**Q** 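I'd like to ask you about the structure that follows.
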Number of protein chains: 2
Amino acid sequence: MSASKRVLIVDDEAPIREMIAVALEMAGYECSEADNAQDAHAQIVDNKPDMVLLDWMMPGTSGIEFARRLRKEEVTADIPIIMLTAKTDEDNKIKGLETGVDDYITKPFSPRELVARLKAVLRRTTPKGVEEPVTVDGLTLDPVSHRVTADGQPVDLGPTEFRLLQFFMTHPDRAYSRSQLLDMVWGGNVYVEERTVDVHIRRLRKALGERHDYLVQTVRGTGYRFSAQVA
Amino acid sequence: MSASKRVLIVDDEAPIREMIAVALEMAGYECSEADNAQDAHAQIVDNKPDMVLLDWMMPGTSGIEFARRLRKEEVTADIPIIMLTAKTDEDNKIKGLETGVDDYITKPFSPRELVARLKAVLRRTTPKGVEEPVTVDGLTLDPVSHRVTADGQPVDLGPTEFRLLQFFMTHPDRAYSRSQLLDMVWGGNVYVEERTVDVHIRRLRKALGERHDYLVQTVRGTGYRFSAQVA
DNA sequence: GTTTTCGTTACACTAATATGACATAGTCTT
DNA sequence: AAGACTATGTCATATTAGTGTAACGAAAAC
């Protein structure tokens, strides 16, 4: 309940978008809008919303096609999607669920229903570490207070190092290339040298101290990995 | 590393093509060029490049028209396109995105920006493969965490040994010649002595230890084989 | 017993990463 | 609005890890 959740509304009809946006904003969400798949994709990559509301029928790339594309791509695969559809079409529903859509609402729907479902999906899908503290071997990151402690002692981190650590702690035991880290931590469409990642890794390790810097592991020829298991 | 990505540069001005080609080749991409839509189309069908850089303004079929055509055809629909345009024209930008162009760069641009964007688009577009861990007789290789364990104990491998083992474990019970291994593990166009393979086999066996080195078997006169069955 | 083929080791060379220093762009103070 | 901080990205350099070759010994094959 700290920072409000950001929802991207994708629908080709402006009035519908507006209606939804108003309803959601009253419920305390932050909304952005897109009227086609391309624009939506760009916004998602850049801003990483917490949720996407996706209209089924759209000119150009259809909703379901778009959903499938989002699921396939690493950067967007984890973002929850709620599909909006005009008619109760069982067939579509099946397809939608197969695509990995998280929920499915048929128009017309009441704002109350929408908000309720949205909340439910967010509760289900919000991974630990986004609002719950994560701890690994005495190292704790609390996203709410935006604080990191090592065995109780506060750790001083710059904003980037914080995000980096947060990403690592919520995606442990997995090797990431520098490009991937740039995508996931820095956000899409920024271009910085890959070596810059090394520098921030260095700063992070330094801040973690001897007691914990083993958690940030170098995977030669590949990138980095966060793990409690020693290599 | 992996096979380099091939980029087709479509622009009617030869100097510009050249400039771009040089920048990309320095960054490790393989370039081909076309100065009109027809030629470009032929090359795309023949060579299936991983990416098309498309100039907005071209005599004959314009860039945007061409992009639309590519999107419509089954075979070319999935090839990512980056549009190059001379002026900051918002209107064009919109049209371009509607056409399904993946990104959009306004001239003049720095080589670095170009390469960065290209990389980003390729990363987004390349579908993430589902990588499952492989296990053979207590020996496990996990591509995701980029780790190898023998009966739970971590095994320390260099990058090449890792790739070698990965190849072996995903292609077991089959003998490969040294040159085949060089092709598959080292990558196509590298020249190294065949005997170098022996050395890496040796390093791999050593790292696997007595418990598991039997898995890497010598096929005299032919090459090597990975198998759980003893010969 | 001679000839191949493979195993092993040592070593020079390269490539990848770590690190420290610096320039720049914001922010906040005063 | 100038000065003091902070954060960040990039470079240059140091350090370390990984690679490929050659040379020689050991096993097979003939």
Side-chain angles (χ1 to χ4, degrees), chain A residues 146 148 155-166 175-183 185-187 189-210 213-226 231, chain B residues 1-2 26-28 110-113 115-116 119 146 148 154-167 175-183 185-187 189-210 213-226 231:
Chain A
H146 222 260
V148 176
V155 176
D156 188 40
L157 290 181
T160 308
E161 283 74 48
F162 183 87
R163 287 201 310 275
L164 185 58
L165 181 61
Q166 180 171 36
Y176 289 98
S177 70
R178 293 174 174 73
S179 312
Q180 284 177 310
L181 288 173
L182 284 176
D183 270 354
V185 177
W186 272 252
N189 290 347
V190 281
Y191 55 99
V192 287
E193 285 295 321
E194 294 204 343
R195 294 260 143 244
T196 300
V197 174
D198 298 38
V199 177
H200 284 275
I201 288 282
R202 152 75 174 146
R203 286 169 182 157
L204 177 56
R205 280 175 173 160
K206 202 169 179 182
L208 291 180
E210 291 188 359
D213 63 358
Y214 77 95
L215 291 166
V216 180
Q217 303 169 356
T218 302
V219 184
R220 219 153 221 272
T222 300
Y224 298 95
R225 166 182 58 202
F226 185 89
Chain B
M1 333 269 155
S2 51
M26 285 209 309
S110 71
R112 254 189 55 204
E113 180 179 359
V115 172
K119 231 194 243 175
H146 225 266
V148 177
V155 176
D156 189 41
L157 291 181
T160 307
E161 283 76 51
F162 184 89
R163 288 200 308 274
L164 185 57
L165 180 61
Q166 182 169 36
F167 174 74
Y176 290 96
S177 70
R178 291 174 174 72
S179 64
Q180 280 178 312
L181 289 173
L182 284 176
D183 273 355
V185 178
W186 272 252
N189 27 20
V190 282
Y191 173 68
V192 282
E193 285 295 323
E194 292 207 341
R195 292 302 305 279
T196 299
V197 174
D198 297 30
V199 177
H200 283 276
I201 288 283
R202 153 70 177 150
R203 285 169 182 156
L204 178 55
R205 282 173 172 161
K206 199 169 178 182
L208 291 181
E210 293 187 357
D213 63 359
Y214 77 95
L215 291 165
V216 180
Q217 304 168 356
T218 302
V219 184
R220 208 150 227 278
T222 304
Y224 297 95
R225 168 183 55 202
F226 184 89

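Since we're looking at a predicted model, the values are computed, not measured. To find a chain, count down the sequence lines: A is the first, B the second, and so on, and within it residues start at 1.
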**Q** Between atom CG in B:Leu204 and atom C1' in D:dT19, what is the gap in whole Å?
**A** 15 Å
**Q** Please state whether the phosphate of C:dT5, meaning OP1 or OP2, lies under 4.0 angstrom from any side-chain nitrogen or oxygen of B:Tyr224.
**A** no
**Q** Side chains of residues 155-164 of chain A: which donor-acceptor pairs under 3.5 Å do they make with residues two or more places apart or in other chains?
**A**
from     : atom 1 : to       : atom 2 : distance (Å)
A:Glu161 : OE1    : A:Gly158 : N      : 3.4
A:Glu161 : OE2    : A:His200 : ND1    : 2.4
A:Arg163 : NE     : A:Val185 : O      : 3.2

**Q** Atom CG of B:Asp213 and atom P of C:dG7: how far apart are they, to the nearest Å?
**A** 11 Å
**Q** Is a side-chain N or O of B:Arg225 found less than 3.5 angstrom from the main chain of B:Val219, in a donor-acceptor match?
**A** no
**Q** May I ask you to verify if any side-chain N or O of A:Thr218 is less than 4.0 angstrom from the OP1 or OP2 atom of C:dA16?
**A** no
**Q** Judged by modelled atom types alone, do A:Tyr191 and A:Glu193 share a side-chain donor-acceptor pair under 3.5 Å?
**A** no
**Q** What I'd like to find out is whether the side chain of B:Val197 reaches to under 4.5 Å of the side chain of B:Leu182, using heavy atoms alone.
**A** yes
**Q** Partners of A:Arg202 by salt bridge (Lys or Arg N to Asp or Glu O under 4.0 Å), sequence neighbours excluded?
**A** none
**Q** Please report the distance, rounded to the nearest Å, between CZ in A:Arg178 and C1' in C:dA16.
**A** 8 Å
**Q** CG of B:Asp198 versus P of D:dG25: gap in Å, rounded?
**A** 18 Å
**Q** List the protein contact pattern of nucleotides 4-17 of chain D with one symbol per nucleotide (5' to 3'): B for base contact, S for sugar-phosphate-only contact, - for none; contact means a heavy-atom distance under 4.0 Å.
**A** ---SBBBB----BS
**Q** If you round to the nearest 0.5 Å, how far is CD of B:Gln180 from OG1 of B:Thr222?
**A** 9.5 Å
